[in-house]
Amino acid sequence: MDWHGVLALWCGVFGLVALVGYGRSLAGVTRAQRTVRATGRIERVREPRNGSSDRDGIAVVVRFQDPSTGEEFTVTNDGDCGDRITTAWVGREIGVHYPPGIPHAFRFVNDPRERSRGLAWPNSAVFLIYVGLVVVASIDWGWPWSLVAVCGPLTVLTAIHLPGERRTTRSRLDALAAMVSVPGRVVAVLRTVATDADGDVRTSRTPVIAFTTQDGTAVTAYYPSALPDRAVVHGQDLTVHYAPGDPADFTPDLAATRRSVAGNVGFAVTALVVMAAATVAGVVLLR
């Protein structure tokens, strides 16, 4: 079987996967669409023990109600229960997902508004079909086609995305400017030891901070992973900046967060320029 036969088989298999996936989504019978979505409320929060693992998240007790029966359930996040709870306070709402009629098979979701149409598999299948077409076109017509076929669409998508990214960045900077400051404290430093594929032992550390909002809400949260935490130690006092309407939106280092947000537009512009240049280079090489 030559390359074109392999391509035909490749496109046929993944085309069938995409067709079935999109059909199931339109019919509303995908697993994601059949999932029951309830809103739970945290009733108790347990402060992590210093030196323990960060894999399980902050221990919480959650109460939720089955929308179809009205029955209430009180559960904890012991074991594998979906999203790791990294920011918690009594009264916080979190999503609870489970198969129809099986509320004890619940999984927590940090965003109660999260929705899905179950399109991950068919979208991935379409992407793989496109990859197959690009590979075979590059073999038949030369590698510059790869630059045109890959970087061309990405350039268009980035150009379309850039105005929205600028608006999002401005909105985020405004939200950071409106944050209020309160004292906080590092109540634990979690450590996880893992061995990678090469047998090397790696230790990760995750500080846990506690702060009380101006309206008296006691918040326990993992230190933001996007910020450097090497100098943060157990018992350290620090200043926490948080959004008044959402204590889950907080940062102990406002200046670093501002720099990171402002850099998003610069990264998008750089990516646009690089991909556009690669596309032009591909077109020139094809001549």
Going by heavy atoms in the side chains, are [X] and [Y] under 4.5 Å from each other?
| X | Y | result |
| --- | --- | --- |
| T35 | Y98 | no |
| V189 | N50 | yes |
| V60 | T76 | no |
| T169 | R167 | no |
| V36 | P67 | yes |
| L119 | P122 | yes |
| D229 | R205 | yes |
| T87 | R92 | yes |

Between [X] and [Y] (side chain of the first, backbone of the second, donor and acceptor by atom type, cut-off under 3.5 Å), is there such a pair?
| X | Y | result |
| --- | --- | --- |
| D66 | E71 | no |
| Q33 | S25 | yes |
| T270 | G266 | yes |
| S52 | P48 | no |
| W10 | L128 | yes |
| R230 | P228 | no |
| T212 | G216 | no |
| D253 | A256 | yes |
| R63 | R41 | no |

Identify which one of V240, L238, D237 satisfies the side-chain contact (heavy atoms from CB on, under 4.5 Å) criterion when paired with R185.
D237
Sort out for me which residue in V135, L133, I129 forms a side-chain contact (heavy atoms from CB on, under 4.5 Å) with L7.
L133
Can you name the nearest heavy-atom pair linking [X] to [Y], along with the distance?
| X | Y | result |
| --- | --- | --- |
| Q65 | A38 | O-CB, 3.7 Å |
| I42 | A88 | CD1-CB, 4.0 Å |
| A276 | T155 | N-OG1, 3.4 Å |
| P153 | Y130 | CG-OH, 3.4 Å |
| V186 | V232 | CG2-CG1, 3.4 Å |
| V45 | I58 | CG1-CG2, 3.8 Å |

Side chains of S181 and T239: is there a donor and an acceptor less than 3.5 Å apart?
no
For the residue pair D54 / T192, report whether a side-chain donor-acceptor contact shorter than 3.5 Å exists.
yes
[X] with [Y], same ILVMFWY side-chain cluster at under 4.5 Å:
| X | Y | answer |
| --- | --- | --- |
| V182 | I209 | yes |
| V187 | Y223 | no |
| W141 | V283 | yes |
| V131 | I139 | yes |
| L272 | V150 | no |

Determine, stepwise, if the pair R84 / Y222 fulfils side-chain contact (heavy atoms from CB on, under 4.5 Å).
CA-CA 11 Å; R84 186 174 59 172; Y222 281 16; 4.0 Å; yes
Give, for atom [atom1] of [X] and atom [atom2] of [Y], the distance between the pair rounded to the nearest 0.5 Å.
| X | Y | atom1 | atom2 | answer |
| --- | --- | --- | --- | --- |
| R31 | R24 | CZ | CZ | 11.0 Å |
| E72 | F64 | CD | CZ | 10.0 Å |
| H241 | L254 | NE2 | CG | 5.0 Å |
| L227 | T257 | CG | OG1 | 4.5 Å |
| I94 | N110 | CD1 | CG | 7.0 Å |
| L190 | D56 | CG | CG | 10.0 Å |

If you count every heavy atom of other residues, nucleotides or ligands that lies below 6.0 Å from R44 atom CZ, does the total exceed 12?
no
State whether the number of non-hydrogen atoms from other residues, nucleotides or ligands found under 6.0 Å of W145 atom CH2 is greater than 12.
no
E165 vs N264, test: side-chain contact (heavy atoms from CB on, under 4.5 Å). Steps then yes/no.
CA-CA 8 Å; E165 181 65 32; N264 290 340; 3.2 Å; yes
Taking the six-membered ring for Trp, are F250 and F211 closer than 6.0 Å centroid to centroid?
yes
Would you call the rings of H104 and F73 parallel, tilted or perpendicular if under 30° counts as parallel and over 60° as perpendicular?
perpendicular
If you apply the rule side-chain contact (heavy atoms from CB on, under 4.5 Å), what do you find for M275 with T158, and how did you get there?
CA-CA 9 Å; M275 288 184 290; T158 304; 3.0 Å; yes
Carboxylate-amine/guanidinium contact R172 D249, below 4.0 Å
yes
Take S146 and S138 through the test side chain to side chain donor-acceptor pair (under 3.5 Å) and record every step on the way to the result.
CA-CA 6 Å; S146 298; S138 301; 2.4 Å; yes
Full working for side-chain contact (heavy atoms from CB on, under 4.5 Å) between Y242 and T251
CA-CA 6 Å; Y242 74 94; T251 175; over 6 Å; no
